[in-house]
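Let me begin by presenting the structure, written as structure tokens, before commenting on it.
In the text below, chain A, chain B and the rest are named by the order of the sequence lines, each starting its count at 1. Computed from a predicted model, the values in this text were never measured in an experiment.
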Amino acid sequence: MLDPKFIRENPDVVKAACRKKRIDVDVDRWLALDSESREIKRSVESLKAEQNLRSKEMPKLPPDGKLALRGELKILSDRVAEGEARIKLLDPEIDGLMLRIPNIPAPEVPEGKDDTENVEVRRVGTPRQFTFAPKDHVELGTSLDLLDTERAARIAGSRSYFLKNEGALLELAVLRFALDHMVASGFTPMIVPHIVSEEAMRGTAYLPGGEEQAYQLTRDDGWLIGTSEVPVTAYRGGEILNVAELPIKMAGWSSCYRREAGTYGKDTRGIYRIHQFMKVEQVILCKNDPEESKKFHAEIVAHAETILQKLELPYRIVNVCGGDLGRPQIQKFDIETWMPSRQGYGETHSASRFHEFQARRLNLRYRDADGTVRFCHTLNNTVIASPRILIPLLENHQNEDGSVTIPECLRPYMNGRTVINGRR
RNA sequence: GGAGAGGUGGCAGAGUGGUCGAAUGCGGCGGUUUGCUAAACCGUUGUUCUGGGGUAAUCCCGGUACCGGGGGUUCGAAUCCCCCCCUCUCCGCCA
């Protein structure tokens, strides 16, 4: 959510943001309704002031005086009710529009309609030249008995999987390795609720708009999280933090659930696009300072890069263009890891900065050194998401004999094993 | 799932229709005292929106709303009524 004052004072900037992000919201409608509602609120407020003032006389009056005053106050009260009825009519539409008005993208966000126009920032590592015909992760996973998607489809439907044997262990290893890196970097590890309230979903800006992507509970209230960003960012919502607590750095661990509606026929092979996965997510709450936000954005990108480098995986970073940027982000860098079976880079990480967009919705504030209450800035990035990361891990590290070498950083988490070869 | 109790400021805890943004205590902040610390004493102590004034900024004056959330009764609601949510205790079921 943007500062309403900002929208009133900079409608053209807001409209330009809508255009750059390819988001259709009637900003003028919001401006008109907002101005009408505010005018009514001002008049209701002054009526209430009068009402309160005159009501103070009431207890002191004799019975007949009370009766007369009641008559007068009733008129005031009716006018207040009238105004409030108008407001009650206007405000839901104002709020509804407000939730759809996007955050302003940074100037350095490239112009573009969709992910094909994202701009590569840099590449790190060189995709391996195979001297044999490499298998894809499904072939590797099946032949080494790490993965079963066929039976999963029978048990759980499409976009499901079983991880088995070293596949299961490898997932836990890579997650734990990633989490340990974050803890060593000063992040608080968090195991979080997977079912959250609608408020938490709205607060992190997944709603409205993300209804199609998220699983909603029907018997009870609640939504399954698509990322631990939701509970972790919302964790301190509604609070006024002490500035000394900032920055707050947290690493959320959770399963993630995504409906993947509208993706039929896309990425159907293997475990690239699935309904449920595990993720460690890094979240930072910091001061309301664009420079600081930007610094932490670089930091969370760097954490992800370090992990990919230790996993010995080539990757590239792209600056996500306006049309591919979500409503709440100021800027987003996607990290894409080399996946031999795709003969290309596939998204494995997504690092966003939001400024106060989420914090406003979550009412997440802090008291600055000068006593002023301000909204925090929020940021987040993937640390590792599995099993998607198993795709490059298995494919890049495969050997001609069909085995897979375990990168050194994961061996301590795999009981010292160096290779997955199906023998156990 | 059944029965009961309760949700008030950072915390504890009064307040059952008007003078209540709310007693009191603790905590926090400022000060006095002190060689320092503690104690004691004095003062202060939230947020929202809004009108006006002022600054580099903190700010000042007025109004409004906020006592779990929503609705209602009333001239007027923390206080009365209805619905919902949450917490606690006991019972049942159960990983």
Quiz item: Taking atom C1' in both B/G92 and B/G76, what distance in whole Å separates the two?
Solution: 47 Å
Self-check item: Residues that A/His303 engages under ring-ring contact (aromatic ring centres under 6.0 Å, His included), provided they are two or more places apart
Solution: A/His181, A/Phe187
Exercise. With sequence neighbours excluded, give me every ring-ring contact (aromatic ring centres under 6.0 Å, His included) pair touching residues 351-398 of chain A.
Key: A/His355-A/His377
Practice problem: Using a 4.0 Å cut-off on protein heavy atoms (strictly under), produce a 5'-to-3' string for nucleotides 45-51 of chain B with B for base contact, S for backbone-only sugar-phosphate contact, and - for none. | Solution: -SSSBSS
Polar atom pairs between nucleotides 73-79 of chain B and protein, under 3.5 Å, N or O only, would you list them?
{"residue": "B/C75", "atom": "O3'", "partner": "A/Ser77", "partner atom": "OG", "Å": "3.4"}
{"residue": "B/G76", "atom": "OP1", "partner": "A/Ser77", "partner atom": "OG", "Å": "3.1"}

Quiz item: Can A/Gln358 and A/Thr233 be said to form a side chain to side chain donor-acceptor pair (under 3.5 Å), step by step?
Solution: CA-CA 8 Å; A/Gln358 290 182 318; A/Thr233 312; 4.5 Å; no
Could I get a table of every N or O pair under 3.5 Å where one atom is in the protein and the other is in nucleotides 52-57 of chain B?
none

Quiz item: Can you name the ring-ring contact (aromatic ring centres under 6.0 Å, His included) partners of A/Phe333, sequence neighbours left out?
Solution: A/His297
Quiz item: Residues two or more places apart in sequence or in another chain: which of them pass side chain to side chain donor-acceptor pair (under 3.5 Å) with A/Gln213?
Solution: none
Exercise. Evaluate whether atom CZ of A/Arg176 has more than 12 neighbouring non-hydrogen atoms of other residues, nucleotides or ligands under 6.0 angstrom away.
Key: no
Practice problem: Sort out the partner of B/U37 for me: Watson-Crick or G-U wobble, both distances under 3.5 Å, none otherwise. | Solution: none
Quiz item: Rounding to a whole Å, what distance do you find between A/Glu239:CD and B/G9:C1'?
Solution: 15 Å
Exercise. Tell me the partner of B/U19, counting only Watson-Crick (N1-N3 plus N6-O4 or O6-N4) or G-U wobble (N1-O2 and O6-N3) with both under 3.5 Å; none if nothing fits.
Key: none
Self-check item: Nearest-angstrom distance from the residue atom CG of A/Asp221 to P of B/G69
Solution: 18 Å
Quiz item: What residues form a side chain to side chain donor-acceptor pair (under 3.5 Å) with A/Glu211, not counting sequence neighbours?
Solution: none
Self-check item: Geometric cation-pi criterion, A/Arg388 with A/Tyr272: 6.0 Å, 45°
Solution: yes
Quiz item: What residues form a ring-ring contact (aromatic ring centres under 6.0 Å, His included) with A/His137, not counting sequence neighbours?
Solution: none
Quiz prompt | salt bridge (charged side-chain N to carboxylate O under 4.0 Å, His left out), paired with A/Glu108, selected from A/Lys294, A/Lys332, A/Lys20 | solution = A/Lys294
Quiz prompt | B/G62: pairing nucleotide in any strand, Watson-Crick or G-U under 3.5 angstrom | solution = B/U50
Practice problem: Send over the distance from A/Leu47 CG to B/A65 P, rounded to a whole Å. | Solution: 12 Å
Practice problem: Check the surroundings of atom CG in A/Asn242: do more than 12 heavy atoms from other residues, nucleotides or ligands lie under 6.0 Å from it? | Solution: yes
Practice problem: With sequence neighbours left out, write down each residue that passes salt bridge (Lys or Arg N to Asp or Glu O under 4.0 Å) with A/Asp26, or none if nothing qualifies. | Solution: none
Quiz prompt | Pairwise P distance, B/A3 and B/A65 [rounded to whole Å] | solution = 39 Å
Self-check item: Partner nucleotide of B/A57 by Watson-Crick or wobble geometry (both distances under 3.5 Å)
Solution: none
Quiz item: For RNA chain B, which residues in residues 94-104 of chain A have a heavy atom at a distance below 4.0 Å?
Solution: none
Practice problem: Between B/C94 and B/A78, how far apart are the P atoms? Round to whole Å, please. | Solution: 47 Å
Exercise. Using Watson-Crick or G-U wobble geometry with both distances below 3.5 Å, tell me the partner of B/A5, or none.
Key: B/U87
Quiz prompt | Nearest-Å distance once atom P is located in both B/A77 and B/G68 | solution = 15 Å
Quiz item: For B/U74, which nucleotide is its Watson-Crick or G-U wobble mate, given both distances must be under 3.5 Å?
Solution: none
Quiz item: Rounding to the closest angstrom, what is the interatomic distance between B/C42 and B/G63 at atom P?
Solution: 30 Å
Practice problem: Both distances under 3.5 Å, Watson-Crick or G-U wobble: report the partner of B/C26, or none. | Solution: B/G10
Exercise. Using whole Å, report how far CD of A/Glu198 lies from P of B/C85.
Key: 15 Å
Quiz prompt | Protein-nucleotide distance (A/Glu84, atom CD; B/G70, atom P), rounded to Å | solution = 13 Å
Practice problem: May I have the distance from A/Asp91 (atom CG) to B/G70 (atom P), rounded to whole angstrom? | Solution: 13 Å
Quiz item: Can you check the A/Lys48 NZ to B/G62 C1' distance for me, whole Å?
Solution: 17 Å
Quiz item: Can A/Asp148 and A/Arg154 be counted as an ion pair, charged N to O under 4.0 angstrom?
Solution: no
Quiz item: Side chains of A/Arg19 and A/Lys15: closer than 4.5 Å at any heavy-atom pair?
Solution: yes
Self-check item: Rounded P spacing from B/G28 to B/A38 in Å
Solution: 10 Å
Quiz item: For A/Arg202 and B/G69, what is the distance between atoms CZ and C1' respectively, to the nearest whole Å?
Solution: 13 Å
Just list the side-chain donor-acceptor pairs under 3.5 Å for residues 403-413 of chain A, sequence neighbours left out, or say none.
{"residue": "A/Ser403", "atom": "OG", "partner": "A/Asn399", "partner atom": "ND2", "Å": "2.9"}
{"residue": "A/Ser403", "atom": "OG", "partner": "A/Asp401", "partner atom": "OD1", "Å": "2.6"}
{"residue": "A/Thr405", "atom": "OG1", "partner": "A/Asn399", "partner atom": "OD1", "Å": "3.3"}
{"residue": "A/Thr405", "atom": "OG1", "partner": "A/Asn399", "partner atom": "ND2", "Å": "3.0"}
{"residue": "A/Arg411", "atom": "NE", "partner": "A/Ile406", "partner atom": "O", "Å": "2.7"}
{"residue": "A/Arg411", "atom": "NH2", "partner": "A/Ile406", "partner atom": "O", "Å": "2.8"}
{"residue": "A/Tyr413", "atom": "OH", "partner": "A/Asp180", "partner atom": "OD2", "Å": "2.6"}

Quiz prompt | Complementary nucleotide for B/C94 - Watson-Crick or wobble, under 3.5 Å | solution = none
Exercise. Please measure how far the C1' atom in B/G21 lies from the corresponding atom in B/U8, and state the result in whole Å.
Key: 11 Å
Quiz prompt | Residue whose closest nucleotide on RNA chain B lies nearer the 5' end, A/Arg374 versus A/Lys56 | solution = A/Lys56
Quiz item: Expressed in whole Å, how much space separates the C1' atoms belonging to B/C91 and B/U79?
Solution: 34 Å
Quiz item: Is there a side-chain contact between A/Leu311 and A/Ile384, using heavy atoms and a 4.5 Å cut-off?
Solution: yes
